[in-house]
Amino acid sequence: MELLTDKDYELIEKAQSAIKFNYDKEHKNHTVGAAVRCKNGKAYVGVNLYSIHGACAEQVAIGTAITNGERDFDAIVAVRGEAGEEVLPPCGNCRQILHDYMPDCKVIVPVRGELKKIKAEELLPFSYSVE
């Protein structure tokens, strides 16, 4: 695990901005924001789409980055709450997607009250693989 850098805190702020702008207090359709930073420094954001088969904020951010031609990812973070005050670890489905699309990407997660970075592939030690 690694300590966060100033760029990592900026990434958290981008995720917080995404959910502050889109938080749905009435219906709870959008309660999580995410931001992914590519190795070229560009960042993309997303919010969750709540439904029976909705999409997590991380998935939306990753999809936006890929749609814009990105393939090399550096770091990702998800936040929850009206102001994005809580950093969330990825759910199981997102861990599999992170493992498939960006195993070397660093994921910002809370660890014993502190924010740390860990490689995506380390979040899912016995991942499903088609190989």
Side-chain angles (χ1 to χ4, degrees):
M1 280 185 267
E2 298 176 26
L3 297 175
L4 272 60
T5 65
D6 288 343
K7 285 184 178 182
D8 297 324
Y9 286 105
E10 290 172 10
L11 191 65
I12 293 169
E13 289 174 5
K14 288 182 185 302
Q16 289 171 329
S17 292
I19 198 56
K20 283 179 190 176
F21 184 71
N22 293 289
Y23 190 79
D24 181 1
K25 193 172 194 170
E26 184 178 344
H27 303 288
K28 303 290 186 195
N29 287 328
H30 313 295
T31 57
V32 177
V36 60
R37 183 178 61 236
C38 302
K39 289 189 178 177
N40 63 14
K42 291 181 182 177
Y44 298 87
V45 297
V47 296
N48 69 307
L49 304 173
Y50 182 77
S51 179
I52 291 173
H53 299 288
C56 294
E58 297 97 324
Q59 297 169 26
V60 174
I62 293 164
T64 302
I66 290 171
T67 299
N68 282 278
E70 304 292 353
R71 299 295 187 271
D72 297 314
F73 302 99
D74 184 46
I76 190 167
V77 65
V79 298
R80 173 173 56 193
E82 197 166 347
E85 58 274 7
E86 180 185 4
V87 173
L88 295 175
C91 72
N93 190 36
C94 284
R95 289 175 191 222
Q96 183 68 51
I97 289 170
L98 292 170
H99 186 277
D100 293 346
Y101 280 86
M102 53 182 76
D104 294 324
C105 181
K106 302 294 180 162
V107 183
I108 299 171
V109 295
V111 178
R112 294 181 205 93
E114 289 186 78
L115 296 179
K116 304 278 185 169
K117 290 187 295 190
I118 186 168
K119 280 176 76 171
E121 68 182 0
E122 293 176 23
L123 291 173
L124 196 62
F126 302 104
S127 65
Y128 173 80
S129 178
V130 294
E131 296 176 15

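Computed over heavy atoms, backbone and side chain alike; hydrogens, waters and symmetry mates excluded. Quantities reported herein were computed from a predicted structural model and do not represent experimental measurements.
Remark: His99 NE2 to Asp104 CG distance equals 9.5 Å, nearest 0.5 Å. In this structure, SG on Cys105 lies 8.5 Å from NZ on Lys39, to the nearest 0.5 angstrom. One distance of note links CD of Gln96 with OH of Tyr128; it measures 8.5 Å at 0.5 Å rounding. In this structure, Glu121 CD and Asp100 CG are separated by 11.5 Å, a value rounded to the nearest 0.5 Å.
Ile19 and Tyr9 fall within the same hydrophobic cluster, defined by Ile, Leu, Val, Met, Phe, Trp and Tyr side-chain heavy atoms under 4.5 Å apart, directly or through other members.
Through direct or relayed side-chain contacts under 4.5 Å between Ile, Leu, Val, Met, Phe, Trp and Tyr, Tyr101 connects to Met1, Val36, Tyr44, Ile62, Ile66, Phe73, Ile76, Ile97, Leu98, Met102, Val107, Val109, Val111, Ile118, Leu123. In the hydrophobic clustering, Leu88 connects to Val32, either directly or through intervening members, whenever side-chain heavy atoms lie under 4.5 Å apart.
The two residues Cys56 and Cys91 make their nearest non-hydrogen contact at SG-SG, 3.8 Å. The shortest non-hydrogen separation linking Pro89 to Arg95 is CB-NH2, 3.8 Å. Scanning all heavy atoms of the two residues, the minimum distance from Ala65 to Cys38 falls at CB-SG, 4.4 Å. The two atoms that bring Cys94 and Glu58 nearest to each other are SG-OE1, 3.7 Å, heavy atoms only. Here the shortest heavy-atom pairing between Val45 and Ala35 reads CG1-CB, 3.9 Å. Between Ala55 and Val60, the closest heavy-atom pair is CB-CG2, 4.0 Å.
Enclosure of atom NZ in Lys25 is not indicated, since only 12 or fewer non-hydrogen atoms of other residues, nucleotides or ligands lie within 6.0 angstrom.
The side-chain contact (heavy atoms from CB on, under 4.5 Å) test with Leu4 singles out one residue from Val77, Leu11, Ile12, and that residue is Ile12.
Residues Val47 and Asp24 are not in side-chain contact: their nearest non-hydrogen atoms beyond the backbone lie 4.5 Å or more apart.
Listed for the His30 side chain is a donor-acceptor partner under 3.5 Å among the backbone atoms of Asn48. Side chain of Asn68 to main chain of Glu70: no donor-acceptor pair is present (N/O by atom type, distance under 3.5 Å, no hydrogens or angles).
Ion pairing between Asp74 and Lys106 fails under the 4.0 Å rule for side-chain N and carboxylate O.
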Would you check, one step at a time, whether the test side-chain contact (heavy atoms from CB on, under 4.5 Å) holds for Tyr23 with Lys28?
CA-CA 8 Å; Tyr23 190 79; Lys28 303 290 186 195; 3.3 Å; yes

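Partners of Asp8 by side-chain hydrogen bond (donor to acceptor under 3.5 Å, both in side chains), not counting sequence neighbours, listed by chain and number: Thr5, Arg37, Lys117.
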